[in-house]
Each structure stands twice: as C-alpha cells, then as structure tokens.
Protein chains: 2
Amino acid sequence: MPQFLKDNKKYYTPVEYVFAKIGGTYKMPLLWRLKDKTWRYSELKESIAHLSDRMLSKNLKELLNDGFINKEVIPEVPVRTEYSITEKGMNSIPIISMLRDYGFELMKDDGIKH
Amino acid sequence: MPQFLKDNKKYYTPVEYVFAKIGGTYKMPLLWRLKDKTWRYSELKESIAHLSDRMLSKNLKELLNDGFINKEVIPEVPVRTEYSITEKGMNSIPIISMLRDYGFELMKDDGIKH
DNA sequence: CGGAATCCGGAACGATACTG
DNA sequence: CAGTATCGTTCCGGATTCCG
C-alpha cells in the first residue's frame, strides 16, 4: 500500500522522497560546494578525495536530470565543463545547512572533535 | 583521509553522521510517531504496514542505544512494552519536520499528489 | 579532460519461521 | 506480546577499463 508512485518507484513518506533526490553519500556535499560558485568536474573530483569518477559522474547526472544543477560544456581544447547550482538546487541549501548544524551538535554530544 | 572516526566507522561530513544516527527508511517515521505519545511495539508495527519485525526491533534497539528513545517493559501478562521519545530524540523533530516540508515541496514540483 | 560501461563484493534489507 | 534466527535478495558504491 504505497502512498505514491513516481517513475515506477514506491515512496511511503515525503522524507523518503527527499533522500531519493538529494540523499546518498555525495549529493549534499556536491550541492554544498556548488552553492557559492561554479566548479569544474576535475575540481569537484579533487575536492572530495575518496570520490571515484563513477560516483561523481553518476551523481552529477542525476542532480542534472532532477534540475538541481546546470552543466555547461565549453568547447575549448581540452574541453572544459562547468557545473553550477539552479534555483531549485538553492532551495535545498537551507535543508543541508540545518542537517550540518544538527550533525555538529550530535558529534559534540558524542565527544567528536572536528 | 577520514575527517573523524567513531566506533571504528569513518565519517566524512556531519550530514553523514546524522544519517548514521537517524537515517534509513524507518528511524524518522518512528521518531515522528513517538514525538506525541508513547507507543507499544505492536502499535508501531501496525502503523507502518510494510515494516517487518526484524527491521522494527533493529531500528528501535539502535535508537535506544543512541539515546533517542526510551523503553519501558511493563511486567503484565502478557508483557507490555512502551516506547517513548527522549529529550535528545525531541531535538531531531524540527529536522524531520523541515525534511517533511521540503519533501512535500519537491513532490508538488514533480506533480505528485498526496 | 570529462566522462561511460562493465563487473563485482558487502552491507542493507525483506520474508519466513521460531521463541521466552 | 515482543521480539530473535536464519536465509535469500537487492542495491549501493568501489575497481577497472575504455572512449570522444
């Protein structure tokens, strides 16, 4: 008894829908970086050390298809690709910010220094 | 190059730490239900139709160990078990509330009715 | 330089049966 | 009533290779 369907996938709660769109390990870190300026593919790659090409391109593509980011290919040699955030993407920033703050709070409670 | 370790697990961002504590499919729905009143195990089970005993007990145990909820066993026959939210758990409610609101917003953008 | 395609392992998750 | 044990499956993400 699903509450709603979207693209042949069942969702039971709105929170679940948020996770489907900007959840996972890398999407929020990517959006967080893109909120201030445009980034090149290689810059994003270097800024998240443990991130593989597979996961980076996969996550960028999904964020692009879901309207959270823009992609601009500049036909230089070699080619340059710039990623930027959309208005829809910017709407997610306060959410991520709140989750970050709450994360720091939980870490502090658990005696984790950062 | 992990940013920090906790219980032999690597975390790279505070958001990741939040997901480790109250992420997954069921923890937020459980906390959301417990915010208003105490619930019995069987009541929680019935209120989330697609939730198995295995996942319910597993998630309740983790929330208990992490201090988000309380458990009280009332030695009647048959035994009754009451779950309630802690102050630490209540701190997560505004986060969940914001995620819910944002989820409804995303759903509306995507033409999903609820 | 900026990806895509394929393969694969482990953890998460589900279904079912059983128990104090 | 409130779980636990066991087994099977799914899926996320890593490693590797290749391409315009």
Side-chain angles (χ1 to χ4, degrees), chain A residues 1-2 7-13 15-16 18-30 33-34 38-65 69-84, chain B residues 1-2 7-13 15-16 19-30 33-34 38-66 69-84:
Chain A
M1 45 191 69
D7 301 330
N8 277 334
K9 192 186 174 318
K10 288 180 297 186
Y11 298 95
Y12 294 92
T13 67
V15 174
E16 204 174 330
V18 174
F19 288 175
K21 293 298 176 181
I22 60 171
T25 308
Y26 303 112
K27 285 183 179 174
M28 289 193 195
L30 288 171
R33 280 164 177 73
L34 291 168
T38 62
W39 289 64
R40 299 183 57 169
Y41 180 92
S42 53
E43 291 172 335
L44 290 169
K45 177 85 189 293
E46 287 162 26
S47 80
I48 307 180
H50 56 291
L51 171 57
S52 67
D53 279 324
R54 179 192 191 282
M55 295 314 293
L56 178 55
S57 66
K58 183 171 177 293
N59 281 284
L60 287 173
K61 181 184 285 184
E62 289 175 8
L63 288 173
L64 183 65
N65 289 339
I69 63 174
N70 293 312
K71 173 183 180 175
E72 186 188 4
V73 180
I74 296 121
E76 297 174 351
V77 179
V79 68
R80 201 171 85 229
T81 311
E82 300 273 6
Y83 289 93
S84 57
Chain B
M1 45 190 67
D7 301 331
N8 278 334
K9 191 184 176 319
K10 288 181 298 189
Y11 298 95
Y12 294 92
T13 66
V15 174
E16 204 173 329
F19 288 174
K21 294 297 176 182
I22 60 169
T25 309
Y26 303 111
K27 285 183 179 176
M28 289 193 196
L30 288 172
R33 279 164 177 73
L34 291 168
T38 61
W39 289 64
R40 301 184 57 167
Y41 179 93
S42 53
E43 291 172 336
L44 290 169
K45 177 85 191 293
E46 284 162 28
S47 80
I48 308 180
H50 57 292
L51 169 58
S52 66
D53 279 323
R54 169 178 146 70
M55 295 312 294
L56 177 55
S57 67
K58 181 173 178 294
N59 281 284
L60 287 174
K61 185 183 288 184
E62 289 176 9
L63 287 173
L64 182 66
N65 289 338
D66 288 332
I69 62 173
N70 293 312
K71 171 181 179 175
E72 186 188 5
V73 179
I74 294 121
E76 297 174 350
V77 179
V79 66
R80 201 171 86 229
T81 311
E82 300 274 5
Y83 289 94
S84 57

* Flag yes if more than 12 heavy atoms outside B/K61 fall under 6.0 Å of its NZ atom; otherwise flag no. => no
Are any of [X]'s side-chain N or O atoms less than 4.0 Å away from OP1 or OP2 of [N]?
X     : N      : value
A/T25 : D/dG13 : yes
B/K71 : D/dG3  : yes
B/Y83 : D/dC1  : no

Mind calculating the distance between [atom1] ([X]) and [atom2] ([N]) to the nearest angstrom?
X     : N      : atom1 : atom2 : result
B/I74 : D/dC1  : CD1   : C1'   : 12 Å
B/L56 : D/dT4  : CG    : P     : 10 Å
B/W39 : D/dC1  : CH2   : C1'   : 17 Å
B/E16 : D/dG13 : CD    : C1'   : 13 Å
B/E82 : D/dG3  : CD    : C1'   : 16 Å
B/E43 : D/dG3  : CD    : P     : 13 Å
B/R40 : D/dA2  : CZ    : C1'   : 9 Å
A/L51 : D/dG13 : CG    : P     : 11 Å

Show me the donor-acceptor pairs within less than 3.5 Å that the side chains of residues 75-83 of chain A make with the rest of the protein, sequence neighbours left out.
residue: A/E76; atom: OE1; partner: A/R80; partner atom: NH1; Å: 3.1
residue: A/E76; atom: OE2; partner: A/R80; partner atom: NH1; Å: 2.6
residue: A/R80; atom: NE; partner: A/E82; partner atom: OE2; Å: 3.2
residue: A/E82; atom: OE1; partner: A/T38; partner atom: OG1; Å: 3.4

* Could you pull out the closest heavy-atom pair between B/L34 and B/I69, with the gap in Å? => CD1-CG2, 3.7 Å
* Asked: Where do B/F19 and A/M28 come nearest, in terms of heavy atoms and distance?
  -> CZ-CE, 3.7 Å
Test of understanding: with side-chain hydrogen bond (donor to acceptor under 3.5 Å, both in side chains), list the residues that count as partners of [X], not counting sequence neighbours.
X     : value
A/E62 : A/K27, A/K58
A/N59 : none
B/R33 : B/S47

* Checking all strands, does A/K61 fall into the base, sugar-phosphate, or nothing category for heavy-atom contacts under 4.0 angstrom? -> sugar-phosphate
* To do: Please list, in 5' to 3' order, the outermost nucleotides of DNA chain C lying under 4.0 Å from any heavy atom of chain A.
  => C/dC1 to C/dC7
* Asked: Under the salt bridge (Lys or Arg N to Asp or Glu O under 4.0 Å) rule, what pairs show up with a residue in residues 42-54 of chain A, not counting sequence neighbours?
  -> A/K45-A/D53
* Asked: Taking the side chain as C-beta and beyond, is there a heavy-atom pair between B/T25 and A/T13 under 4.5 Å?
  -> no
* Structure fact -> Angle separating the five-pair end axes of the helix from C/dC1-D/dG20 to C/dG20-D/dC1, nearest 10°, is 50°
* To do: Would you sort out whether B/S84 and B/W39 count as a side-chain contact (heavy atoms from CB on, under 4.5 Å), showing the intermediate values?
  => CA-CA 7 Å; B/S84 57; B/W39 289 64; over 6 Å; no
Please write out each protein N/O paired with an N/O of nucleotides 15-20 of chain D under 3.5 Å, distance rounded to 0.1 Å.
residue: D/dA15; atom: N6; partner: A/R54; partner atom: NE; Å: 3.3

* Asked: Just checking, A/K10 and A/Y12: is the charged tip under 6.0 Å from the six-membered ring centre and within 45° of the axis?
  -> no
* Asked: Considering heavy-atom distances to DNA chain D, does A/G24 or B/S42 have its closest nucleotide positioned more toward the 5' end?
  -> B/S42
* Kindly write out the residues that satisfy salt bridge (charged side-chain N to carboxylate O under 4.0 Å, His left out) with A/E72, not counting sequence neighbours, or none if the list is empty. => none
